[in-house]
A.B. asks: 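Sharing a structure below in structure tokens format, with a few things to ask.
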There are 2 protein chains.
Amino acid sequence: MGESLLESTNSRLAPVEVEAIQLFVQFSRALGQPRSIAEIYGMLFVSHVPLSLDDLVERLQLSRGSASQGLKYLRELGAVRPVNRPDSRRVHYEAVAELRNLAGTFLHQQVERHLGDSAARLEKMGRHSQALTGAARRHALARVKLLQSWEKNGRQMLPYLLKMLGRK
Amino acid sequence: MGESLLESTNSRLAPVEVEAIQLFVQFSRALGQPRSIAEIYGMLFVSHVPLSLDDLVERLQLSRGSASQGLKYLRELGAVRPVNRPDSRRVHYEAVAELRNLAGTFLHQQVERHLGDSAARLEKMGRHSQALTGAARRHALARVKLLQSWEKNGRQMLPYLLKMLGRK
DNA sequence: TTTTTTGTTCATTTTTATTTGAATTAAAAG
DNA sequence: CTTTTAATTCAAATAAAAATGAACAAAAAA
């Protein structure tokens with residue numbers, strides 16, 4: 001088992017770096033994202049110079065597989081940007097620090113992935129409710145209506161929220 | 001391995017119920033909450049009559065342990081409310097359907113849990129940055145400043161967001 | 001009181017998510 | 001063309017999260 005980032009004596013990483021990485025790891029837990037991805041972003045965020053995959057592997061002590069997958073994810077999210085350096089064959093990366101794009105893309109991605117077909121499901125629910133009778137039916141129909149209004153509110157609020165996140 | 005809620009023939013649950021539960025399960029995944037908790041809330045949400053722990057255990061085919069823990073969580077969140085019925089010793093529950101309180105409490109809880117001490121961490125980061133020199137130092141200090149502005153924006157936005165969602 | 005019913009806790013098991021690293025592909029250098 | 005270096009993929013290993021259920025507690029009924 002490898003040395004933890006938490007250890008107080010870590011010759012690979014400066015104290016600021018450890019703190020910054022920790023901060024992003026903590027934040028990633030709130031968003032339910034894997035630790036390694038947060039570590040990679042945190043490392044690139046504090047580094048004053050772009051880093052290659054191998055740099056990350058060495059400094060964060062993670063596998064090439066993790067580093068590769070993590071960078072792929074962050075690249076697709078737009079949280080990280082490849083930098084070509086004429087002096088090296090390796091692709092180097094730097095963190096994109098514009099909160100607006102980052103948060104917006106992330107939110108959009110999450111919502112699409114998890115809530116894409118909720119409208120269809122609600123419609124289906126409505127049809128099934130018709131099969132019931134009496135109080136159960138009345139209640140089910142009222143619930144579907146309520147959910148539909150929640151869904152509508154959510155969809156209305158989302159662009160507004162995204163805009164709010166975009167304020168510098 | 002137990003029968004899944006997804007199965008088309010399910011004599012325990014009506015089709016509307018299956019759909020509603022699925023909707024909440026899907027939603028819970030977006031929020032990173034356990035499936036069983038979403039199932040319980042979904043079940044109570046569609047039910048036109050309050051249900052006891054044992055009702056939930058039977059209809060959702062989950063263990064008493066899960067049901068108990070799930071109800072505890074939902075009770076503390078304020079998503080579910082105990083109903084005393086004079087005809088039964090068992091506590092029955094009904095879903096609280098006010099999105100405002102629910103979302104607000106949830107958000108507040110998550111933020112406190114995950115981001116509580118970020119300010120302290122940033123201060124520490126600032127101190128560590130002083131130990132660096134040259135470009136690394138300048139970059140680290142700029143990053144700390146940026147993070148502090150993110151944190152400030154976040155904290156400023158939170159009460160506003162909570163207010164939008166209806167919590168104090 | 002003792003018994004029965006209801007509900008909770010928590011160590012263990014099960015399930016799910018993440019990480020690893022060997023095999024593979026890609027592409028530049030020789 | 002062959003060798004070397006860089007990067008990715010994916011099946012297997014590992015770690016983390018959630019569910020289970022037996023043991024326990026609390027409180028009403030007998």
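Just so you know, these numbers use all the heavy atoms, side chains as well, and skip hydrogens, waters and symmetry mates. Numbered from 1 within each chain, the chains take letters A, B, ... in sequence-line order.
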A.B. asks: At less than 4.0 Å, is any side-chain N or O atom of B:R75 found next to OP1 or OP2 of C:dT8? Yes or no.
C.D. replies: yes
A.B. asks: Is the shortest side-chain N/O distance from B:K72 to OP1 or OP2 of C:dG7 below 4.0 Å?
C.D. replies: no
A.B. asks: How many whole angstroms separate atom CD of A:Q61 from atom C1' of C:dG21?
C.D. replies: 15 Å
A.B. asks: Taking only the side-chain nitrogens and oxygens of A:R89, find out if one of them lies under 4.0 Å from OP1 or OP2 of D:dA6.
C.D. replies: no
A.B. asks: So, does A:Y41 use its side chain to make a donor-acceptor pair with the main chain of A:V96 at under 3.5 Å?
C.D. replies: yes
A.B. asks: Does A:S36 have a side-chain nitrogen or oxygen under 4.0 Å from the phosphate oxygens OP1 or OP2 of C:dT19?
C.D. replies: yes
A.B. asks: Provide, to the nearest angstrom, the distance between the OH atom belonging to B:Y73 and the P atom belonging to C:dT9.
C.D. replies: 16 Å
A.B. asks: I need the CD-C1' distance between B:E39 and D:dA18, as an integer number of Å.
C.D. replies: 12 Å
A.B. asks: Within the pair A:S66 and C:dT20, is there a side-chain N or O less than 4.0 Å away from OP1 or OP2?
C.D. replies: yes
A.B. asks: Starting the side chain at C-beta, find the nucleotide from D:dA7, C:dT9, D:dA18 nearest to B:Q69.
C.D. replies: C:dT9
A.B. asks: Under 3.5 Å, is there a donor-acceptor pair between the side chain of B:H92 and the main chain of B:R90?
C.D. replies: yes
A.B. asks: Looking only at side-chain atoms of A:R35, point me to the closest of C:dT19, D:dT9, C:dT8.
C.D. replies: C:dT19
A.B. asks: What is the distance, to the nearest angstrom, from the CG atom on A:L71 to the P atom on C:dT19?
C.D. replies: 13 Å
A.B. asks: Grab the CG-P distance between B:L51 and C:dT6 for me, whole Å please.
C.D. replies: 15 Å
A.B. asks: Nearest nucleotide by nearest heavy atom, which residue falls closer to the 5' end of DNA chain C, A:L62 or B:A67?
C.D. replies: B:A67
A.B. asks: So, is A:R64 near the phosphate of C:dT24, with a side-chain N or O under 4.0 Å from OP1 or OP2?
C.D. replies: no
A.B. asks: Between B:D54 (CG) and C:dT5 (P), how many Å, whole number?
C.D. replies: 12 Å
A.B. asks: Please say yes or no: joined through hydrophobic side-chain contacts below 4.5 Å, possibly via intermediate residues, are B:V80 and B:V57 part of one cluster?
C.D. replies: yes
A.B. asks: Once you round it to whole Å, what is the distance between C1' of C:dA17 and CD1 of A:I37?
C.D. replies: 12 Å
A.B. asks: Provide, to the nearest angstrom, the distance between the CG atom belonging to A:N84 and the C1' atom belonging to D:dA6.
C.D. replies: 13 Å
A.B. asks: Would you verify whether the NZ or CZ of A:R143 falls within 45 degrees of the ring axis of B:F45 while also being under 6.0 Å from that six-membered ring's centre?
C.D. replies: yes
A.B. asks: Rounded to the nearest 0.5 Å, how far does CG of A:L44 lie from CZ of A:F24?
C.D. replies: 10.0 Å
A.B. asks: Please determine, for the side chain of B:L53, which listed nucleotide (D:dA19, D:dA7, C:dG7) has the closest atom?
C.D. replies: C:dG7
